[in-house]
Amino acid sequence: MRKLIVAAFVSLDGVMQGPGGPDEDRRGGFAHGGWVAPYSDPVTGQAVMSLFEAPFELLLGRRTYEIFAAHWPYQDPKNPIAERFNATTKHVASHDPGLALPWENSRRVGPDAVEGVRRLKAQDGPDLLTQGSTQLVHALLAADLVDEMQLMVFPLLLGPGRRLFDEAAAPGAWALTGSILADTGVVVNRYRRDGPVRTGSFMTQEPSGAELKRRADWAGEV
């Protein structure tokens with residue numbers, strides 16, 4: 001069984017839309033495209049390249065696939081990312097059975113993305129790696145199919161925009177397996193799935209009457 005790794009550029013407030021350039025993704029009137037470039041340095045560059053050192057296959061939502069398919073095949077073939085992306089298999093999740101897949105080595109996940117990814121994970125082969133693909137990542141997190149995450153957290157707030165996490169994500173604990181701080185303030189964190197959420201309490205005595213009343217008053221609130 002192979003792992004599914006989510007890799008994402010993300011702002012402090014969780015936005016991951018349009019990191020690569022001003023015109024990458026203006027949906028919803030997003031006005032801050034290209035927010036990653038000012039923070040580029042050797043540390044963040046190495047963190048990105050570390051994702052591609054071991055064999056991998058890309059797992060992409062339709063929008064990210066279209067962005068990548070219009071970009072990477074047209075770059076210098078000696079570009080190390082273009083070389084890897086063009087050569088590897090691209091698994092594409094889309095509700096449109098007629099979606100054109102012009103990028104070489106591209107194939108559809110199937111009509112049900114979650115079940116299609118579940119089948120892919122059960123197969124032998126390289127790990128599956130997402131890039132962007134917010135809607136797909138939401139579905140994968142809700143189905144508890146993600147094994148690892150590499151999040152590059154940038155020191156800025158973007159306000160409105162498409163976010164990495166939504167309320168449908170399956171609850172669970174995640175272990176921090178590595179963290180790197182770049183001089184630009186970017187923090188690269190690597191996580192792996194670590195079982196269920198663990199809870200506890202700091203209360204050292206029986207709750208007061210006021211506390212019991214507060215709980216009762218709040219019990220019916222949504």
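Index from 1, following the sequence.
Counting heavy atoms from C-beta on, the side chains of Arg108 and Lys90 never come closer than 4.5 Å. At least one side-chain heavy atom of Val48 sits less than 4.5 Å from a side-chain heavy atom of Phe9. Residues Leu60 and His91 form no side-chain contact, since every pair of their non-hydrogen atoms from C-beta on lies 4.5 Å or further apart. Side-chain contact check for Leu128 versus Phe56: every heavy-atom pair is 4.5 Å or farther apart.
Residue Asp13 holds its CG atom at 11.5 Å from CG of Leu164, rounded to the nearest 0.5 Å. To the nearest 0.5 Å, atoms CG (Asn105) and CD (Glu57) are separated by 9.5 Å. Separating the CE atom in Met16 from the CZ atom in Phe165 is a distance of 9.5 Å, to the nearest 0.5 Å. A distance of 9.5 Å separates CD1 in Ile81 from CG in Leu51, rounded to the nearest 0.5 Å. How far CZ of Arg118 is from CD of Glu115: 4.5 Å, rounded to the nearest 0.5 Å.
Using modelled atom types, one side-chain atom of Ser133 and one backbone atom of Gln131 make a donor-acceptor pair closer than 3.5 Å. The closest donor-acceptor contact from the side chain of Trp35 to the backbone of Gln17 lies under 3.5 Å. A donor-acceptor pair is defined here as one N or O able to donate and one able to accept, closer than 3.5 Å; no such pair exists between the side chain of His95 and the backbone of Asp112.
Between Arg27 and Asp25 there is a salt bridge, with a side-chain nitrogen of the basic residue lying less than 4.0 Å from a carboxylate oxygen of the acidic one. Ionic pairing of Arg26 and Asp23 is present here: one or more N-O contacts between side-chain nitrogen and carboxylate oxygen are shorter than 4.0 angstrom.
Phe85 is connected to Met152 through a chain of hydrophobic side-chain contacts under 4.5 Å among Ile, Leu, Val, Met, Phe, Trp and Tyr, so both are in one cluster. Met149 and Leu12 end up in the same hydrophobic cluster when Ile, Leu, Val, Met, Phe, Trp and Tyr side chains are linked at under 4.5 Å. Hydrophobic clustering (side-chain heavy atoms under 4.5 Å, transitive across Ile, Leu, Val, Met, Phe, Trp, Tyr) keeps Val6 apart from Met49. Connection of Trp174 to Val188 is not established within any shared hydrophobic cluster, with ILVMFWY side chains joined at heavy-atom distances below 4.5 Å, either directly or through further cluster members. By the rule that hydrophobic residues join a cluster once side-chain heavy atoms approach within less than 4.5 Å of another member, Val114 and Val92 end up as members of separate clusters.
Counted within 6.0 Å of CD on Gln123, heavy atoms from surrounding residues, nucleotides or ligands total more than 12; the atom is thus considered enclosed. In Arg107, the CZ atom is not crowded: 12 or fewer heavy atoms of neighbouring residues, nucleotides or ligands sit closer than 6.0 Å.
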> How far apart are the C-alpha atoms of Val43 and Val186, what are their side-chain angles, what is the distance that settles it, and do they pass the side-chain contact (heavy atoms from CB on, under 4.5 Å) test?
Replying inline: CA-CA 9 Å; Val43 173; Val186 178; over 6 Å; no

> Would Val36 and Phe154 satisfy side-chain contact (heavy atoms from CB on, under 4.5 Å), going step by step from the backbone distance to the final call?
Replying inline: CA-CA 8 Å; Val36 163; Phe154 289 72; 3.8 Å; yes

>> Evaluate Arg162 against Val15 for side-chain contact (heavy atoms from CB on, under 4.5 Å), listing each step before the verdict.
In response: CA-CA 6 Å; Arg162 296 174 186 273; Val15 175; 6.0 Å; no

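The side-chain tip of Arg215 does not point at the ring of Trp218 from less than 6.0 angstrom away and within 45° of straight on.
In plain terms, the two heavy atoms of Arg2 and Leu120 that are nearest each other are NE-O, 2.9 Å. Summarising the geometry of Glu24 relative to Gly18, their closest heavy-atom pair is OE2-CA, 3.8 Å, with the distance given to 0.1 Å. Pairing each heavy atom of Val109 with each of Ala93, the nearest pair is CG2-N, 3.9 Å. Nearest heavy-atom pair across Lys3 and Asp127 is N-OD1, 3.1 Å. Smallest separation of non-hydrogen atoms from Lys121 and Leu145: NZ-O, 2.8 Å. Of all heavy-atom pairs spanning Ser11 and Leu158, the tightest one is CB-CD1, 3.7 Å.
A donor-acceptor contact closer than 3.5 angstrom is absent between the side chains of Ser94 and Asp96. The closest side-chain donor-acceptor pair between Asn189 and Ser179 falls under 3.5 angstrom. Side-chain polar atoms of Trp103 and Asn86 form a donor-acceptor pair below 3.5 angstrom. With no hydrogens or angles considered, a side-chain donor-acceptor pair links Ser106 and Tyr65 at under 3.5 Å. Tyr39 and Asp41 form no side-chain donor-acceptor contact under 3.5 Å, judged by distance and modelled atom types alone.
Evaluated for a side chain to side chain contact (heavy atoms under 4.5 Å, CB included) with Thr130, the options Ile5, Leu58, Leu59 yield exactly one hit, Leu59. Partner of Val146 under the side chain to side chain contact (heavy atoms under 4.5 Å, CB included) criterion, out of Val117, Leu141, Val137: Leu141 alone.
Listed by chain and residue number, Glu53 satisfy the side chain to side chain donor-acceptor pair (under 3.5 Å) test with Gln46 (two or more places apart in sequence, or in another chain). With sequence neighbours left out, the salt bridge (Lys or Arg N to Asp or Glu O under 4.0 Å) criterion links Glu104 to no other residue.
Ring geometry for Phe30 against His32 counts as perpendicular: the plane angle is over 60°, on a 0 to 90° scale with 30° as the lower cut.
Sorted by first and then second residue, the salt bridge (charged side-chain N to carboxylate O under 4.0 Å, His left out) pairs with a member in residues 177-197 read Asp144-Arg193, Glu148-Arg190, Arg192-Asp194, Asp194-Arg198; sequence neighbours excluded.
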